[in-house]
Amino acid sequence: MKKALCSPVILGLLGIFIVFNIFTIVSGSYHKSELGIVNEIIEKYGLHFNDSSLKTMQEDLNREVRTVDSGFQEAPAFLHAMTAEKYNKESKKKQHEIDRMGLMQSYINMGKALDQRYSELKVNELKEPIIQSFHLHGTAKELVSNEYKKLGTRLEEIKHNEEYKQWFFAGAYQMHTKLFRDLLKNIALEGIMLVALMTALIANYEFEHRSHLVTYSTKRGRHIVWNKLVATLLMTILLLIPLFAVSLVTFFHVYDYSKLWGVQISSGLNWENKWPYVTWWPVEFKQYLWLAIAIIVMALLIVSILTFTVSIFVRNSYITWITVTLLLTTIFILPSFFIKIPTLFILFNFNLTSLLLNPHMYFSGSSTIEPRFKHQEMMTLFIYLAIGLFCGAFAIRKLYRKDIV
C-alpha cells in the first residue's frame with residue numbers, strides 16, 4: 001500500500017489531474033463577476049420568489065434607475081434606450097451600475113416568465129420521442145411509460161408547490177453543467193485511471209518484482225490477497241480525497257455559492273436545455289453535491305474491485321489497466337448493441353460507466369437522450385457491486401487453487 005501511495009506514476013498523475021482541474025475552473029471563470037448578483041438578490045429578497053416579491057424587486061430597481069437618470073421612470077425603458085454609444089460615454093462606476101441593473105432586470109424577467117414556461121411542459125412530449133427513438137414495445141414500453149407517469153406526477157407537484165420559484169444562477173451560465181457534468185465528470189474519469197492503475201500495482205506487486213514464490217509459500221501465503229483487497233479500497237479513498245478536495249475548494253473559491261446551498265436543483269432558473277431538471281424528489285444543492293460525490297466514490301470502489309479481479313488473472317499492471325479501460329468502454333457502449341431488443345436495452349441502461357459520466361443527470365428523469373428511472377443510480381450501484389463481489393470471490397477462489405509459478 002505504501003509503495004503504491006509513493007509511486008511516482010500515481011503521484012505524478014494525481015498532480016497532473018489536480019492542475020488540469022484548477023486550470024479548467026479558472027480558465028472558464030470569465031463571467032464570475034456577473035454571478036454575484038444572485039447572492040445579492042437572495043440576501044435582500046430571500047431564496048424563494050413570487051409575484052409579490054418580483055413586483056417589489058421591480059419597484060426597487062425603478063427607483064435606482066431614477067437616481068441614475070431622472071429622465072426615466074422605469075428600468076426596462078432606461079435599459080432599452082441604453083445604446084453602446086451612450087454606455088461607452090459613461091464613467092466606469094456608472095457603467096458598473098448599469099451592468100448591475102441590466103442583470104437585475106434580466107433575473108426579474110426570467111422569474112416572471114417561469115409560470116408560462118412550466119405551464120407548457122408536457123411529459124408526453126418527452127416520453128414519445130424516447131419510445132420512438134429506441135423502438136420500445138411490449139414490456140419495455142410499458143415499463144418506461146410507467147416511469148414517465150411518475151415523472152408527470154412529480155412535475156405537477158413541482159408546479160403546485162412552486163418549487164421552481166427559487167433563485168439560482170441563470171441557465172445561460174450553465175453552472176450546473178460546469179460543476180457536475182464538466183468538473184465531477186472529469187474527476188470521475190481521472191478517478192478511473194488512478195484507481196485502476198493503483199489497484200493493479202498493489203495486486204501485482206509480488207509478481208512484477210518476482211517475489212511471489214517466496215511470498216505465497218509462507219504460512220500466510222495466499223491469504224495475503226485479502227489484505228491487498230482492503231489496501232486497494234483504502235487507497236482508492238485516499239487518492240480521491242485530494243482530487244475532490246482541491247478541485248471543489250478551487251471551484252467554490254472562484255464561484256460564490258454562499259447563499260445557494262439550500263436552493264432546489266429543480267429551480268426554474270437552473271434551466272439549461274430544452275427541459276429543466278425535474279428531480280424525482282426535492283433535492284437541495286448541498287444534498288445533490290454530497291450525494292453525487294458519494295455515488296462517484298462508490299462507483300470507483302466497484303471499479304477497484306473489478307480491477308483487482310482482472311489483476312488476479314492478468315498479473316501485469318499496465319495490461320490490467322488497459323483491460324479494465326476496455327471493459328468499462330464496452331459496458332458504456334453495450335446498450336447500443338441491443339436497441340432492437342428493448343428489454344435488454346433497458347437492462348443494460350443500468351450502466352456503471354454511464355453513471356460515472358453523467359453526474360449532472362443524477363436523480364433527474366427529464367433526459368431528452370435516454371430513458372431514466374427512479375432510483376436508477378442506486379440500482380446501478382447495487383447491480384455492479386453484486387457483479388464485482390461475485391467475480392472477485394470467484395477470482396480469489398481460483399487463486400487459492402492456482403499454480404503460483
Side-chain angles (χ1 to χ4, degrees), residues 10 12-36 38-39 168-196 236-267 269-273 276-277 279 283-303 328 332 351-364 366-367 369 377 380-381:
I10 297 295
L13 279 176
L14 180 61
I16 290 170
F17 292 152
I18 288 175
V19 170
F20 173 76
N21 291 344
I22 293 173
F23 173 77
T24 302
I25 294 164
V26 174
S27 63
S29 63
Y30 52 88
H31 57 255
K32 68 174 183 177
S33 59
E34 299 177 7
L35 301 175
V38 181
N39 288 297
F168 196 72
F169 302 122
Y173 295 111
Q174 297 207 319
M175 293 304 295
H176 183 86
T177 292
K178 197 179 288 288
L179 174 56
F180 294 104
R181 192 188 70 184
D182 297 343
L183 181 58
L184 286 196
K185 184 184 76 173
N186 284 347
I187 291 174
L189 288 171
E190 293 156 2
I192 290 172
M193 289 185 270
L194 284 170
V195 167
T236 295
I237 294 172
L238 287 176
L239 281 175
L240 292 177
I241 287 173
L243 189 59
F244 272 109
V246 177
S247 302
L248 290 174
V249 167
T250 302
F251 185 90
F252 290 115
H253 177 73
V254 172
Y255 299 107
D256 185 6
Y257 276 72
S258 57
K259 305 293 182 183
L260 296 165
W261 294 102
V263 70
Q264 297 290 335
I265 290 296
S266 53
S267 164
L269 274 296
N270 190 27
W271 190 328
E272 299 178 339
N273 300 300
Y277 294 101
T279 56
V283 184
E284 294 180 357
F285 172 78
K286 62 177 179 290
Q287 295 171 334
Y288 190 102
L289 177 62
W290 285 113
L291 286 170
I293 292 171
I295 288 171
I296 292 172
V297 171
M298 282 295 300
L300 290 174
L301 287 171
I302 293 170
V303 170
L328 292 173
F332 181 67
N351 189 303
L352 183 66
T353 311
S354 181
L355 183 69
L356 284 164
L357 295 181
N358 293 286
H360 64 298
M361 288 304 300
Y362 291 167
F363 321 118
S364 176
S366 54
S367 172
I369 299 174
E377 298 79 17
T380 302
L381 289 174

**Message:** Tell me whether the rings of F252 and F285 are parallel (<30°), tilted (30 to 60°) or perpendicular (>60°).
**Reply:** perpendicular
**Request:** Check the angle between the aromatic planes of Y288 and F363 and answer parallel, tilted or perpendicular using the 30° and 60° thresholds.
**Result:**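 Rings of Y288 and F363: perpendicular, as their planes differ by over 60°.
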**Item:** Atom of L352, atom of L328 and distance for their closest heavy-atom approach
**Value:** CD2-CD2, 4.4 Å
**Fill in**
In terms of heavy-atom contacts, A188 and L300 come closest through O-CD2, 3.9 Å
**Message:** Within the 4.5 Å heavy-atom criterion, are L248 and L184 side-chain neighbours or not?
**Reply:** yes
Please enumerate all residues that pass ring pair (Phe, Tyr, Trp, His ring centres under 6.0 Å) together with [X], with sequence neighbours excluded.
X    : answer
H360 : none
F169 : Y257
F332 : none
W290 : none

**Asked** Can you tell which of K32, H31, E34 makes a side chain to side chain donor-acceptor pair (under 3.5 Å) with Y173?
**Response** E34
**Prompt:** salt bridge (Lys or Arg N to Asp or Glu O under 4.0 Å) with K286: which residues, sequence neighbours excluded?
**Reply:** E284
List the atom pairs, donor and acceptor, that lie under 3.5 Å between side-chain atoms in residues 15-30 and the rest of the protein, sequence neighbours left out.
{"from": "N21", "atom 1": "ND2", "to": "F17", "atom 2": "O", "distance (Å)": "3.4"}
{"from": "N21", "atom 1": "ND2", "to": "E190", "atom 2": "OE1", "distance (Å)": "2.9"}
{"from": "N21", "atom 1": "ND2", "to": "S247", "atom 2": "OG", "distance (Å)": "3.0"}
{"from": "T24", "atom 1": "OG1", "to": "F20", "atom 2": "O", "distance (Å)": "2.8"}
{"from": "S27", "atom 1": "OG", "to": "F23", "atom 2": "O", "distance (Å)": "2.8"}
{"from": "S27", "atom 1": "OG", "to": "T24", "atom 2": "O", "distance (Å)": "3.1"}
{"from": "S29", "atom 1": "OG", "to": "V26", "atom 2": "O", "distance (Å)": "2.6"}

